[in-house]
Amino acid sequence: TKQSLNRVLRDLIKSKMIKHSIRKACPKFIKMFFRAIRAFSPRQASPPIEPAKFKNAKLFANRKLLVQEFFSHGRILEIGTESGVFAKFLLSLAELEKLVTVDIDYSLFKLQPQENLECLKGYSHEVLPKLTEHFSLIYLDAAHDYKNVKMDLIAMAHLLRPGTVLVFNDFAIMDKNFGFYGVHRAASEFVNNNKCSIIGLAMQNNAQYDLAVLIE
């Protein structure tokens, strides 16, 4: 029945929230231990990106310079904000009409409420389909595993209009703490399979680059 289905969905969401809370509360050395074990798991390689996709690409020293280059005016959507450190920078941009953030947990968020800031709580792949606004720039920084990045890209498909700049945070395969990412593979597939081009790459610390893509 519909009630039974709703109950199952609520239980599933509650279970995911519990797992998220447990992972968040684990000491760093425990996280490192399990990450090191998972490092030996086989993983599918990222496909090579077509050379034609790079024809207008620029290189930047960091992600702030990249965003400043490609954002001129309008609204920004930040998917995954955590403490709000990068959101604070986004709010400082000239000609910003509104910043919308999406996150599952705002307990670490340090920014005060303001008129041009809207904070939406929930899993990104559940929140994104409900958005109808036009965003000049979308900054994707939610879960970094391949499955969740793909889910977010599907959930935001209706927001990816010609002229929109989509930035993939942590365009990488692994970080210095043995955390494996699926962003590199998911982003590479997205660029190859969609009408878009790479316009920028930001050189962040530890090779955790940001990749900017222009939707065409």
Side-chain angles (χ1 to χ4, degrees), residues 16 20 23-24 31 35 46 60-71 74-93 96 98-111 117-129 131 133 135-157 159-160 164-177 179-191 196 198-215:
K16 290 170 70 177
H20 173 78
R23 286 197 298 267
K24 185 177 177 182
K31 294 178 183 177
R35 285 177 174 180
S46 302
F60 298 87
N62 57 63
R63 61 179 182 169
K64 290 183 178 180
L65 293 174
L66 179 145
V67 170
Q68 287 174 331
E69 174 75 14
F70 298 119
F71 176 77
R75 299 182 179 93
I76 294 178
L77 173 62
E78 184 189 28
I79 308 168
T81 191
E82 198 170 1
S83 65
V85 171
F86 199 60
K88 183 178 180 180
F89 160 73
L90 295 175
L91 286 167
S92 72
L93 293 171
L96 175 71
K98 182 180 180 182
L99 171 64
V100 177
T101 65
V102 179
D103 210 305
I104 186 179
D105 182 5
Y106 280 90
S107 62
L108 299 177
F109 197 68
K110 298 178 181 179
L111 299 183
L117 172 63
E118 181 179 4
C119 299
L120 303 177
K121 186 175 182 179
Y123 288 101
S124 50
H125 63 271
E126 296 175 349
V127 175
L128 293 174
L131 300 180
E133 300 173 72
F135 295 98
S136 302
L137 186 142
I138 299 176
Y139 192 84
L140 181 55
D141 188 16
H144 283 17
D145 61 286
Y146 176 78
K147 178 182 177 181
N148 276 288
V149 176
K150 291 284 286 187
M151 288 173 64
D152 285 341
L153 289 170
I154 293 172
M156 72 168 79
L159 300 175
L160 299 177
T164 299
V165 175
L166 171 62
V167 180
F168 291 90
N169 172 252
D170 289 337
F171 179 64
I173 296 173
M174 184 179 72
D175 64 25
K176 62 184 180 63
N177 295 318
F180 272 85
Y181 299 163
V183 182
H184 193 282
R185 178 184 162 201
S188 298
E189 291 177 352
F190 177 86
V191 172
C196 62
I198 293 173
I199 54 175
L201 181 71
M203 304 294 289
Q204 288 293 117
N205 293 342
N206 302 309
Q208 292 174 246
Y209 308 134
D210 273 24
L211 185 76
V213 174
L214 177 66
I215 308 300

> Given the rule in the side-chain contact (heavy atoms from CB on, under 4.5 Å) test, do Asp170 and Asp175 qualify, once you have shown the distances and angles that lead to the verdict?
Replying inline: CA-CA 9 Å; Asp170 289 337; Asp175 64 25; over 6 Å; no

>> Any heavy-atom pair between the side chains of Ser92 and Lys88 that's under 4.5 Å?
In response: no

>> Phe86 vs Arg63, test: side-chain contact (heavy atoms from CB on, under 4.5 Å). Steps then yes/no.
In response: CA-CA 10 Å; Phe86 199 60; Arg63 61 179 182 169; 3.4 Å; yes

>> Within this structure, what is the CZ-CD1 distance for the pair Phe60 and Ile199, rounded to the nearest 0.5 Å?
In response: 8.0 Å

>> Looking at every heavy atom in both Ile104 and Lys121, which two are closest together, and how far apart are they?
In response: O-CE, 3.3 Å

>> Working to the nearest 0.5 angstrom, can you tell me the gap between Leu128 CG and Leu77 CG?
In response: 6.0 Å

>> If I compare all heavy atoms of Leu66 with all of Ala212, which pair ends up nearest, and what's the gap?
In response: CD2-CB, 3.7 Å

> Under the criterion ring pair (Phe, Tyr, Trp, His ring centres under 6.0 Å), which of Phe168, Phe171, Tyr181, Phe180 is the partner of His144?
Replying inline: Tyr181

> Just how far is it from atom CG of Asp210 to atom CG of Leu201, taken to the nearest 0.5 Å?
Replying inline: 8.5 Å

> Could you give the distance from CD (Gln208) to CG (Asn169), rounded to the nearest 0.5 Å?
Replying inline: 8.0 Å

> At their closest point, which heavy atom of Lys98 faces which heavy atom of Val100, and how far apart are they?
Replying inline: CE-CG2, 3.8 Å

> From Lys64 NZ over to Gln68 CD, what is the distance, rounded to the nearest 0.5 angstrom?
Replying inline: 8.5 Å

>> Quick one, Asp103 with Thr81, criterion side-chain hydrogen bond (donor to acceptor under 3.5 Å, both in side chains). Give me CA distance, side-chain angles, the key distance, then yes/no.
In response: CA-CA 6 Å; Asp103 210 305; Thr81 191; 5.6 Å; no

> So, for Gly84 and Leu111, which heavy atoms are closest and what is the spacing to 0.1 Å?
Replying inline: O-CD1, 3.7 Å

> Do the non-hydrogen side-chain atoms of Leu153 and Leu166 ever get within less than 4.5 Å of each other?
Replying inline: yes

> Would you call Glu189 and Tyr146 a side-chain contact if the rule is heavy atoms closer than 4.5 Å?
Replying inline: yes

>> To the closest 0.5 Å, what do you measure between OG1 (Thr101) and CZ (Phe109)?
In response: 5.0 Å

> Which atom pair, heavy atoms only, marks the closest approach of Asp152 to Ala142?
Replying inline: OD2-CB, 3.6 Å

> Would Val183 and Leu140 satisfy side-chain contact (heavy atoms from CB on, under 4.5 Å), going step by step from the backbone distance to the final call?
Replying inline: CA-CA 10 Å; Val183 182; Leu140 181 55; over 6 Å; no

> Where do Val67 and Leu90 land on the side-chain contact (heavy atoms from CB on, under 4.5 Å) test, with the steps shown first?
Replying inline: CA-CA 9 Å; Val67 170; Leu90 295 175; 4.0 Å; yes

> Side chains of Leu160 and Phe190: does their closest heavy-atom pair fall under 4.5 Å?
Replying inline: yes

>> Quick one, Tyr123 and Asn148 - any side-chain contact, counting heavy atoms below 4.5 Å?
In response: no

> Mind checking whether Thr164 and Leu159 have side chains closer than 4.5 Å, heavy atoms only?
Replying inline: no

> If you look at every heavy atom in Glu78 and Ala87, which pair is closest and at what distance?
Replying inline: OE1-CB, 3.3 Å

